Amino acid sequence: MVGPPLSPEEATPFSAHERRDETPVIGTRFLSKNTQLTNFLTAPNTDDLFTELARLISERGVVFFPSQEINVSQMKQVMYRLGEQGGRPRTSGLHKHPISEDSSELGAEVSIISSEGGILKADYYSGGRSSSGWHSDITFEKVPSDYSMLKIHTLPEGNGLTIPHSGYDAYDRLSPAMQKFLEGLTAVHNADFFNHYASKHGIPIQPLRGSPENVGEDLTAIHPVIRTHPLTGYKTLFVNRNFTTKIVELSKDESDALLDFLFRHISENHVLQVRYRWEKNDIAIWDNRATFHTATIDYSETRVGDRVVGIGERPYYDPASKGRRETLGLADARTLKA
């Protein structure tokens with residue numbers, strides 16, 4: 001399914017929708033409030049729109065849409081269509097978060113992302129560094145996420161930042177020797193803290209979570225450290241501080257030291273990040289296979305949004321795949337100044 005990268009100048013279904021790249025590495029923003037995702041659902045060329053949108057998100061890591069008039073049912077439809085046109089397996093659908101409740105008026109396939117508690121606070125501790133929050137969504141699942149979609153509808157005065165980071169360029173900025181060493185290694189991803197949270201609050205763990213392989217209370221998976229993206233064909237770094245606990249092939253001391261380096265490689269490479277300050281009813285859609293993200297909590301009031309997460313495919317590493325910069329003939333990332 002790998003095709004050529006998108007160009008804003010090409011005549012495509014998005015040609016009528018003005019957009020700009022937020023950084024050379026990651027992030028594209030649609031500029032007009034008239035670009036409404038709900039219109040994509042009913043457009044005569046809906047398949048073409050969602051095919052191009054899936055590819056754009058996978059190429060750029062994250063895409064932002066201002067002031068969206070969309071309800072949670074339509075958000076689910078958008079995520080289904082993205083997955084279909086992006087080539088996800090037929091056995092994959094929308095994720096039910098382990099601690100989402102079926103009794104919610106939104107349904108278990110919609111996670112309430114609130115500064116007051118729930119998923120956002122399950123592993124939170126007061127006084128921790130902001131950099132401790134870097135993660136990709138639900139990598140603890142045997143079959144993790146392809147795309148996530150977040151709409152922020154309740155905003156404090158400070159608005160708050162979300163900071164996505166490019167996994168493609170995180171890989172490209174490693175030395176050739178480190179790249180070669182990491183390729184073929186695997187890592188454990190675990191989220192037992194959700195089991196602890198569920199037990200403390202009397203919440204049953206969702207038994208079926210968007211794939212026949214994502215079942216029960218075992219929130220542990222083993223994934224490649226370097227992953228090949230199925231849509232772009234690029235290599236991407238695929239470990240994160242929230243969920244990755246050990247590199248399988250290394251001793252504990254070796255694993256701890258290497259993971260600490262890789263986590264710092266993600267959090268301290270600011271040139272690979274885009275900082276997005278929310279406005280009410282904005283939407284972000286990102287590709288969890290090729291990005292990490294965290295939030296900057298620079299506010300004290302309540303902030304709430306609705307999130308829908310799609311399930312993709314089992315992560316894999318293809319030795320024949322290449323990095324993004326090598327594929328596109330771009331300058332060596334290691335020679336660029338931050």
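For the single chain, residues carry numbers from 1 onward in sequence order. Computed from a prediction, not measured in an experiment: that's the story for all the values here.
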Whether Phe30 and Phe65 hold their rings parallel, tilted or perpendicular, with breakpoints at 30° and 60° =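 Plane angle under 30°, so parallel.
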
For the pair Phe243 and Phe193, name the ring-plane relationship: parallel under 30°, tilted 30 to 60°, perpendicular over 60°.
->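 The arrangement is parallel - the two ring planes meet at less than 30°.
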
Heavy-atom pair of closest approach, residues [X] and [Y]:
X: Pro212; Y: Val215; result: O-CG1, 3.4 Å
X: Tyr316; Y: Pro230; result: OH-CA, 3.3 Å
X: Ser211; Y: Ile311; result: CB-CG2, 4.0 Å

Pairing residues for Glu183 by the salt bridge (charged side-chain N to carboxylate O under 4.0 Å, His left out) criterion, not counting sequence neighbours =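 Checked Glu183 against salt bridge (charged side-chain N to carboxylate O under 4.0 Å, His left out); matches are Lys235.
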
Decide yes or no on ring-ring contact (aromatic ring centres under 6.0 Å, His included) for Phe40 and His17, but give the supporting numbers first.
-> CA-CA 12 Å; Phe40 290 11; His17 302 277; 5.7 Å; yes

Separation of [Y] [atom2] from [X] [atom1] (nearest 0.5 Å):
X: Phe292; Y: Ile266; atom1: CZ; atom2: CD1; answer: 3.5 Å
X: Leu330; Y: Asp172; atom1: CG; atom2: CG; answer: 8.5 Å
X: Thr220; Y: Asn190; atom1: OG1; atom2: CG; answer: 4.0 Å
X: Arg81; Y: Thr51; atom1: CZ; atom2: OG1; answer: 7.5 Å
X: Thr232; Y: Ile57; atom1: OG1; atom2: CD1; answer: 13.0 Å
X: Glu313; Y: Leu231; atom1: CD; atom2: CG; answer: 9.0 Å

Mind checking whether Phe14 and Thr35 have side chains closer than 4.5 Å, heavy atoms only?
->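 A side-chain contact under 4.5 Å is absent here.
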
Is any side-chain heavy atom of Ile26 closer than 4.5 Å to a side-chain heavy atom of Leu272?
->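 Counting from C-beta outward, Ile26 and Leu272 never come under 4.5 Å.
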
Decide, yes or no, whether a salt bridge links [X] with [Y] under the criterion of side-chain N to carboxylate O below 4.0 Å.
X: Arg325; Y: Asp332; result: no
X: Arg314; Y: Glu213; result: yes
X: Glu84; Y: Arg88; result: no
X: Lys246; Y: Asp256; result: no

Which pairs count as salt bridge (charged side-chain N to carboxylate O under 4.0 Å, His left out) when at least one residue sits in residues 26-37, sequence neighbours excluded?
->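 Qualifying pairs, neighbours excluded: Glu22-Arg29.
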
Thr244: partners by side chain to side chain contact (heavy atoms under 4.5 Å, CB included), with sequence neighbours left out =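 Expected list: Ala187, His189, Val239, Asn240, Leu259, Phe263.
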
If you group Ile, Leu, Val, Met, Phe, Trp and Tyr by side-chain heavy-atom gaps below 4.5 Å, do Tyr317 and Phe181 land in one group?
->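 Shared cluster, yes.
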
Is it possible for you to say whether Leu250 and Ile222 belong to one hydrophobic cluster, with membership spreading through side-chain heavy-atom contacts below 4.5 Å?
->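 They do not share one cluster, since no chain of ILVMFWY contacts under 4.5 Å joins Leu250 to Ile222.
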
Using distance alone, with no hydrogens and no angle criterion, decide if [X] and [Y] have a side-chain donor and acceptor under 3.5 Å apart.
X: Ser148; Y: Asn288; value: yes
X: Asp21; Y: Thr28; value: yes
X: Glu141; Y: His95; value: yes
X: Asp282; Y: Tyr276; value: yes
X: Asn269; Y: His265; value: yes

Qualifying residue for side chain to side chain donor-acceptor pair (under 3.5 Å) with His229, from Asp318, Asp287, Asp146, Thr236 =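 Of the listed residues Asp318, Asp287, Asp146, Thr236, the side chain to side chain donor-acceptor pair (under 3.5 Å) partner of His229 is Asp287.
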
Is the CD atom of Glu249 crowded by more than 12 outside heavy atoms at less than 6.0 Å?
->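 More than 12 within 6.0 Å, yes.
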
Should we count CD of Glu18 as having more than 12 external heavy atoms under 6.0 Å?
->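 No, not enclosed.
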
Passes side-chain hydrogen bond (donor to acceptor under 3.5 Å, both in side chains), Glu326 versus Tyr234? Steps please.
-> CA-CA 9 Å; Glu326 181 183 1; Tyr234 306 152; over 6 Å; no

Contacts of Asp260 that satisfy side chain to side chain donor-acceptor pair (under 3.5 Å) - sequence neighbours left out =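 By the side chain to side chain donor-acceptor pair (under 3.5 Å) rule, Asp260 matches no residue at all.
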
In chain order, what residues pass the side chain to side chain donor-acceptor pair (under 3.5 Å) check against Thr228, with sequence neighbours excluded?
->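 Thr228 satisfies side chain to side chain donor-acceptor pair (under 3.5 Å) with Ser321 only.
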
Step by step, would you call Tyr147 with Ser58 a side-chain hydrogen bond (donor to acceptor under 3.5 Å, both in side chains)?
-> CA-CA 9 Å; Tyr147 305 108; Ser58 294; 2.9 Å; yes

Scan Gln68, Arg307, Lys76, Met75 and name whichever one has a side-chain contact (heavy atoms from CB on, under 4.5 Å) with Met149.
->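 Among Gln68, Arg307, Lys76, Met75, the one that satisfies the side-chain contact (heavy atoms from CB on, under 4.5 Å) with Met149 is Met75.
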
Where do His135 and His293 land on the side-chain hydrogen bond (donor to acceptor under 3.5 Å, both in side chains) test, with the steps shown first?
-> CA-CA 6 Å; His135 67 286; His293 61 278; 3.1 Å; yes

Who are the ring-ring contact (aromatic ring centres under 6.0 Å, His included) partners of Tyr171, not counting sequence neighbours?
->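 In terms of ring-ring contact (aromatic ring centres under 6.0 Å, His included), with neighbours along the sequence ignored, Tyr171 is linked to no residue.
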
Can His97 and Phe194 be said to form a ring-ring contact (aromatic ring centres under 6.0 Å, His included), step by step?
-> CA-CA 10 Å; His97 196 277; Phe194 287 130; 4.5 Å; yes

